[in-house]
Undergrad: 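Here it is, the structure in full.
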There are 2 protein chains.
Amino acid sequence: MTATTLHDPAHREALWALESAFERGDLVTLFGDCTVEYDGRAASSLGPGARLLVLKPDGAALVHTDEGRTPVNWQPPGSEHRAAVRDGRLRVRSVRTSPAETLDVRFSDVEQLAAYGVTGGRGVDVVGSEADLKRRVLAEPETVEPGFEPLATERESEAGPIDVFGRDAEGRPLVVELKRRRVGPDAAGQLARYVAAIEREMPDGTDVRGVLVAPSITDRAADLLAEDGLDHVAAAPPDGSAAGKGDDGPSPTAPDDDDDGADRHS
Amino acid sequence: MTATTLHDPAHREALWALESAFERGDLVTLFGDCTVEYDGRAASSLGPGARLLVLKPDGAALVHTDEGRTPVNWQPPGSEHRAAVRDGRLRVRSVRTSPAETLDVRFSDVEQLAAYGVTGGRGVDVVGSEADLKRRVLAEPETVEPGFEPLATERESEAGPIDVFGRDAEGRPLVVELKRRRVGPDAAGQLARYVAAIEREMPDGTDVRGVLVAPSITDRAADLLAEDGLDHVAAAPPDGSAAGKGDDGPSPTAPDDDDDGADRHS
DNA sequence: GCCTTTATTTCGAGC
DNA sequence: GCTCGAAGTAAAGGC
């Protein structure tokens, strides 16, 4: 995690910084005097003024003034950011297609440009998250249920590799499917296929259980699990791994103690 | 317009900077590793992760990750920001009442803190904007209507000072009420009172006209004006004065030429 | 993929 | 103050 800052840069400097920030996939903020033009589903035009422009690596762009929760102009994720120097001004343009929309921000003066590297979190999130959840289940099998005993990971089956395979407190085979985030019916179906595959392996009449471990599931997925006699356990990867993207729904929060040494604002 | 930046500050330093930024009414951004707790209309909890926190002087707070148009957590305008150092972490808390809501952001590591002074624009916007519109009307009286002749500004009347008073092409008294942004029924009523006050001053039977000059008006206001035989002229303060807050609705934008020397992002 | 429903919706207008 | 409706709604869930 890094942050590089340019204070009062020349437009050329700002352009270079933007280019490399885009290259690295950084989160970028620009503050300065600018005009804003938007044309797409609607159209709008803002005269010169001090604003904060936030450019995200997923293509989202936000133009904020010092007031309001909602950006005065924006571009949704999936847009493409470009930067150029034109007519002595730094122009940042964010374009998307279907629908065709263009956001054009022209800085007469860039007060500050900051590029924040979020690369670390991104990579960990994508590749390491379900692995973290697996590690947690293996380290604390009671996460799945009391008495659960893991016997194998990535156990092969006709339906594919099973995340965690083991036995429950009563010795019954138990298939565990892990998902790092909220899941829908597809995950329920996947678990059902694994359970059915194991049942075919086992002597006739063997009761094979299935547990879906995920932070939360949709109603439809819960219905499907119930129909197939499968269970769901609400558990997420441990803190600090998949954290930060706010994937699962709101969770209750304990009220907090008072603060001290504080300072008011508005 | 100023921007002060702290790079990798100690929590104490960050706290001091926040305090003075709050004092000045600055727009503040913090980037770093933090947890986020929200409790109010709903409740949510985010584990450690890299995020951008935006604190506005009007009380709005936004927590952004590197993805999405919508903040992962926020607090609407009207909230109160406070900062403190607690348990070795910088805590920024934004609280509002009715409904009772609390947003709690705790930084284990502040990568960067920036305070943007928007004071200049703010003051100009608030105190200078209607004056700019008045200057425009005096410089170009045909903005109100062809043949309009301004005779006085802030002319006293029983109902209060009249923005611009003059005579129309046919010599009839004309009261002009100026508004820098879109107006509702209140402005129509105000104009009607001015017109009535002038009618009382004039010889019986004198026809006194009234014109409301504003970028746009609500339907209800238009109805009221029509009932009283008053007029509306769509005109806004010239560019660069009231600009920056995006007060009036979207206005058509001319399509723009292509860009060059550009660089892509996502 | 498109459609429907939800939201800490936000935001503005009318009453 | 509250209620009602629109939004460049955004985003998730279901089909």
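Only this structure's heavy atoms are used, side chains among them; waters, hydrogens and symmetry mates stay out. Just so it is clear: chains get the letters A, B, ... in the order the sequence lines come, proteins before strands, and each one is counted from 1.
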Undergrad: Are any non-hydrogen side-chain atoms of A:His81 and A:Val28 less than 4.5 angstrom apart?
TA: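 The answer is no; the side chains never approach within 4.5 Å.
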Undergrad: Taking only N and O in the side chain of B:Trp74, is any of them less than 4.0 Å away from OP1 or OP2 of C:dT9?
TA: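 Negative; the distance criterion is not met.
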Undergrad: Got a sec, which residues hit salt bridge (Lys or Arg N to Asp or Glu O under 4.0 Å) with A:Asp231, two or more places apart in sequence or on another chain?
TA: A:Arg209
Undergrad: Tell me the interatomic distance from B:Arg41, atom CZ, to C:dT8, atom C1', rounded to whole angstroms.
TA: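 So the CZ-C1' distance, B:Arg41 to C:dT8, works out to 4 Å.
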Undergrad: If you look at every heavy atom in A:Pro76 and A:Trp74, which pair is closest and at what distance?
TA: N-CD1, 4.1 Å
Undergrad: Rounding to an integer number of Å, can you tell me how far A:Leu62 CG sits from D:dG8 P?
TA: 15 Å
Undergrad: Looking for any heavy atom pair under 4.0 Å, which part of the strands does B:Gln75 touch: base, sugar-phosphate only, or nothing?
TA: nothing
Undergrad: Measure CG/A:Asn73 against P/D:dA10 and give the value in whole Å, please.
TA: 12 Å
Undergrad: Can you tell me, in whole Å, how much space there is between the C1' of D:dG5 and that of D:dT9?
TA: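 It comes out at 13 Å once rounded to the nearest Å.
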Undergrad: Enter the distance from B:Thr29:OG1 to A:Tyr116:OH here, rounded to the nearest 0.5 Å.
TA: 4.0 Å
Undergrad: Polar atom pairs between nucleotides 11-15 of chain C and protein, under 3.5 Å, N or O only, would you list them?
TA:
| from | atom 1 | to | atom 2 | distance (Å) |
| --- | --- | --- | --- | --- |
| C:dC11 | OP1 | A:Arg69 | N | 3.3 |
| C:dC11 | OP1 | A:Thr70 | N | 2.8 |
| C:dC11 | OP1 | A:Thr70 | OG1 | 2.6 |
| C:dA13 | OP1 | B:Arg182 | NE | 2.5 |
| C:dG14 | OP1 | B:Thr218 | OG1 | 3.4 |
| C:dG14 | OP1 | B:Arg220 | N | 3.2 |
| C:dG14 | OP2 | B:Thr218 | OG1 | 3.1 |
| C:dC15 | OP2 | B:Arg220 | NE | 3.1 |

Undergrad: Taking side chain to side chain donor-acceptor pair (under 3.5 Å) as the test, write out the residues that go with A:Glu101, two or more places apart.
TA: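 With sequence neighbours excluded, A:Glu101 shows a side chain to side chain donor-acceptor pair (under 3.5 Å) to A:Tyr38, A:Arg41, A:Arg96, given in chain and number order.
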Undergrad: Determine the interatomic distance between P on C:dC11 and the same-named atom on D:dA11; round to the nearest Å.
TA: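 Their P atoms lie roughly 15 Å apart.
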Undergrad: Taking the same atom, P, in D:dG8 and in C:dT5, what whole-Å distance lies between them?
TA: 22 Å
Undergrad: May I have the distance from B:Glu67 (atom CD) to D:dA11 (atom P), rounded to whole angstrom?
TA: 11 Å
Undergrad: Considering non-hydrogen atoms only, spot the tightest contact between A:Ile162 and A:Val176 and give its length.
TA: CG2-O, 4.1 Å
